[in-house]
A.B. asks: 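Let me give you the structure first, and then I'll get to my questions.
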Amino acid sequence: DFHGLFPRGELRERTPAHLAPTLASIVERRALNDEPRCKLASEVGRWAHWLATDEDRHERLVDLIARGWETQVDAVVTFSAHPRDVDAVWLDDVTARVSGLWLAMMCAVGTLPHAAGRALTAQEERAILRWGLWMQRADALADLGRDLADGLTCTVVGHALWSRDPEGYDRALAHGDGDAADALVQRYGIDRALRPGAHERRELADSLGSLGELASLLGWTLDHLLGRYDARRGR
């Protein structure tokens, strides 16, 4: 209900207040209220604490989760803005963090048991964030119509559309016309620009060579997201 309903500053205040009980339930390992999300979060917190054989690795996971919650605030404020009000470099940073920190959280859970041997390195976390950028780009392509219906007008796809054809994109927004926005994506080759090329895919895979089959799993996930877009476009 927050999307587009409040000025940016007020939205930035409301969103963390909305998210705070869930994060606190994870950290404190008890439900802060009776909402199902808090009960689930408290279970997540308890299981993570039970799995952890090293306090430092547990703290690293909690830090990633907290950074993820901060990113959700940035994402709501950024993605629901008009593209003219959002810097492209900032948008890429938020885009990478949305999926990248989510992936890093899951990977960090895998570091908790003793058998894992160690936490993620800073270099591995940065590599996962690079994967996150391409993941979220693919997700924005696949879900363009739904995102627009939800008031997310400044995903990386929306920003690229407005940068190339401000009038055309504003028309599509004014009429709630996801098909028109899709047609603009095709016209300007935005779908091709938001896919990693062969060289980029090799670099992404090589960047996680220290983490076993993780690169293969992430590659499958990326192909799945791109495949959803291709299926929607009838390719």
Side-chain angles (χ1 to χ4, degrees), residues 1-45 48 58-109 120 122 125-126 128-144 146-163 173 194 225:
D1 295 338
F2 288 1
H3 300 165
L5 297 181
F6 304 105
R8 300 293 97 190
E10 186 176 351
L11 187 60
R12 185 166 286 283
E13 292 177 1
R14 283 175 175 266
T15 307
H18 174 74
L19 296 174
T22 320
L23 179 59
S25 297
I26 294 174
V27 174
E28 298 185 25
R29 304 193 295 278
R30 64 180 181 86
L32 266 285
N33 59 45
D34 290 333
E35 292 178 88
R37 64 184 176 123
C38 288
K39 293 179 180 179
L40 176 61
S42 67
E43 291 180 23
V44 170
H58 182 260
E59 288 299 318
R60 295 278 293 276
L61 171 61
V62 171
D63 178 64
L64 282 170
I65 293 171
R67 286 164 58 193
W69 259 241
E70 292 173 2
T71 292
Q72 289 303 308
V73 178
D74 289 337
V76 168
V77 173
T78 301
F79 294 164
S80 63
H82 191 281
R84 66 171 168 264
D85 300 322
V86 176
D87 175 74
V89 175
W90 168 254
L91 178 62
D92 271 353
D93 177 69
V94 175
T95 300
R97 285 187 282 129
V98 167
S99 283
L101 288 174
W102 176 251
L103 295 170
M105 287 178 215
M106 290 189 284
C107 295
V109 170
L120 295 170
E125 287 185 12
R126 288 193 296 270
I128 292 170
L129 282 173
R130 287 197 296 274
W131 274 97
L133 176 63
W134 292 105
M135 292 279 194
Q136 194 62 27
R137 286 173 171 175
D139 192 64
L141 279 170
D143 289 337
L144 177 59
R146 188 183 72 182
D147 284 346
L148 293 179
D150 287 344
L152 301 179
T153 54
C154 190
T155 65
V156 65
V157 179
H159 195 277
L161 286 174
W162 189 83
S163 297
L173 292 182
L194 296 181
L225 292 170

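Side-chain atoms are counted along with the backbone in the values below, which use heavy atoms only and exclude waters and symmetry mates.
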A.B. asks: Using side-chain heavy atoms (C-beta onward) and a distance below 4.5 Å, is Leu64 in contact with Glu125?
C.D. replies: yes
A.B. asks: How close do Ile128 and Gly100 get, heavy atom to heavy atom, and via which atoms?
C.D. replies: CG2-O, 3.5 Å
A.B. asks: I'd like to know if Asp92 pairs up with Arg97 as an ion pair, taking the criterion as any Lys NZ or Arg NE/NH1/NH2 lying under 4.0 Å from an Asp or Glu carboxylate oxygen.
C.D. replies: no
A.B. asks: Once side chain to side chain contact (heavy atoms under 4.5 Å, CB included) is applied, do any residues pair with Val86, and if so which ones, sequence neighbours excluded?
C.D. replies: Thr78, Ala81, Trp90, Leu91, Cys154, His159
A.B. asks: On a heavy-atom basis, which atom in Cys107 and which in Leu120 lie closest, and how many Å separate them?
C.D. replies: CB-CD1, 4.0 Å
A.B. asks: Let me confirm one number: the CG-OG distance from Leu161 to Ser163, rounded to the nearest 0.5 Å.
C.D. replies: 8.5 Å
A.B. asks: Any idea which heavy atoms bring Asn33 and Cys38 closest together, and the distance?
C.D. replies: OD1-SG, 3.3 Å
A.B. asks: Any carboxylate oxygen within less than 4.0 angstrom of a Lys/Arg side-chain nitrogen, looking at Asp63 and Arg60?
C.D. replies: no
A.B. asks: Among residues two or more places apart or on two chains, list those pairs meeting salt bridge (Lys or Arg N to Asp or Glu O under 4.0 Å) that have a residue in residues 31-45.
C.D. replies: Glu35-Arg37
A.B. asks: Determine whether Val109 and Met105 satisfy the following criterion, side chain to side chain contact (heavy atoms under 4.5 Å, CB included), listing intermediate values before the conclusion.
C.D. replies: CA-CA 6 Å; Val109 170; Met105 287 178 215; 5.8 Å; no
A.B. asks: To check you understand the geometry: which heavy-atom pair defines the closest contact between Ala108 and Leu61, and what is its length?
C.D. replies: CB-CD1, 3.8 Å
A.B. asks: So how far is it from Thr155 OG1 to Leu148 CG, rounded to the nearest 0.5 Å?
C.D. replies: 7.0 Å
A.B. asks: Using a 4.5 Å cut-off on heavy atoms from C-beta on, say whether the side chain of Leu225 contacts that of Met135.
C.D. replies: yes
A.B. asks: Name all residues meeting the salt bridge (charged side-chain N to carboxylate O under 4.0 Å, His left out) criterion together with Arg12; count only those two or more places apart in sequence or in a different chain, and write none if there are none.
C.D. replies: Asp74
A.B. asks: Could I get the full list of ring-ring contact (aromatic ring centres under 6.0 Å, His included) partners for Trp162, not counting sequence neighbours?
C.D. replies: His82
A.B. asks: Taking atom CG of Leu144 and atom CG of Leu152, what is their separation to the nearest 0.5 Å?
C.D. replies: 10.5 Å
A.B. asks: Could you tell me if the side chain of Leu194 sits less than 4.5 Å from the side chain of Val157, heavy atoms only?
C.D. replies: yes
A.B. asks: Could you list the residues that satisfy side chain to side chain contact (heavy atoms under 4.5 Å, CB included) with Arg130, not counting sequence neighbours?
C.D. replies: Arg126, Ala127, Leu204, Ser207
A.B. asks: Identify the heavy atoms of Gln72 and Leu19 that sit nearest to each other, and give their distance.
C.D. replies: CB-CD1, 3.7 Å
A.B. asks: When rounded to the nearest 0.5 angstrom, what is the spacing between CG in Leu129 and CG in Leu103?
C.D. replies: 9.0 Å
A.B. asks: Do Val98 and Phe79 touch side chain to side chain, with heavy atoms closer than 4.5 Å?
C.D. replies: yes
A.B. asks: Just how far is it from atom CG of Leu141 to atom CG of Asp147, taken to the nearest 0.5 Å?
C.D. replies: 10.5 Å
A.B. asks: For Glu28, check side chain to side chain contact (heavy atoms under 4.5 Å, CB included) against everything at least two apart and list the hits.
C.D. replies: Ala24, Arg30, Leu32
A.B. asks: Does the side chain to side chain contact (heavy atoms under 4.5 Å, CB included) test come out yes or no for Asp139 and Trp134, once each step is laid out?
C.D. replies: CA-CA 9 Å; Asp139 192 64; Trp134 292 105; over 6 Å; no
A.B. asks: Which heavy-atom pair separates Ser25 from Ala41 by the least distance, and what is that distance?
C.D. replies: CB-CB, 3.7 Å
